[in-house]
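In what follows, a single structure is set out as structure tokens and then discussed.
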Amino acid sequence: MKITAPNTPRTSGFRAVYLGVKLPLSTNLVYFSAWFYIAKGSLGMGTDAGYMWDQNGMQFNPGSVVIDSKITSTAIDGWYRYSGLIGISRVTTLGGSQFSIGIGEGDVEAYMALPYLAVPFNSGYMVSC
């Protein structure tokens, strides 16, 4: 998946990609794995990554895990594999829990390959390669 965003001032709105989780159980944590190549800018992952509201209005939230071009440039062939447990947003208007990938501020050109999303700690949970 190619993710791009221009360096333009934002009005109210979100700079994020949402992956619907549609889980048959209540959880606030998922296992996520994917390969990333970041040509410019950064991506953040985790609960409400992208933007969120607080007492000051809409604010940028980088997420709990940030992957930027500095990280991927040191990886073999520029592709960095992230693998770990990440929090998801349970409070959305998108019809259920969502896994958020926040798009960093400024110019962004990023690529994500072979994403895998699973619910940890259940009998069907299996980590992919």
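Values below: every heavy atom of this structure, side chains too, minus hydrogens, waters and symmetry copies.
Two different hydrophobic clusters hold Ile76 and Leu114 under the rule that ILVMFWY side chains link at heavy-atom gaps under 4.5 Å. No path of Ile, Leu, Val, Met, Phe, Trp and Tyr side chains, each step under 4.5 Å between heavy atoms, connects Val66 with Trp79, placing them in separate hydrophobic clusters.
One distance of note links CD1 of Ile103 with OG1 of Thr4; it measures 8.0 Å at 0.5 Å rounding. Separation of atoms CD (Glu109) and NZ (Lys2) is listed at 5.0 Å; rounding is to 0.5 Å.
In this structure, Val108 and Gly41 approach most closely via the heavy-atom pair CG2-CA, 4.4 Å. Pro115 approaches Ala34 most closely through the heavy-atom pair CA-CB, 3.8 Å. Of all non-hydrogen atoms in Thr72 and Tyr37, the two that sit nearest each other are CG2-CA, 4.2 Å.
Remark: Ser64 pairs with Ile86 by the side-chain contact (heavy atoms from CB on, under 4.5 Å) rule, at least two apart or across chains.
Between Leu43 and Ile3 there is a side-chain heavy-atom pair separated by less than 4.5 Å. When side chains are defined from C-beta on, Arg81 does not count as touching Phe36, because their heavy atoms never get closer than 4.5 Å. A heavy-atom distance below 4.5 Å is not found between the side chains of Lys40 and Ile38. With a 4.5 Å cut-off on side-chain heavy atoms, Phe32 and Met45 count as touching.
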Quiz item: Please walk me through it: do Ser83 and Tyr31 pass side-chain hydrogen bond (donor to acceptor under 3.5 Å, both in side chains)?
Solution: CA-CA 8 Å; Ser83 176; Tyr31 170 81; 2.6 Å; yes
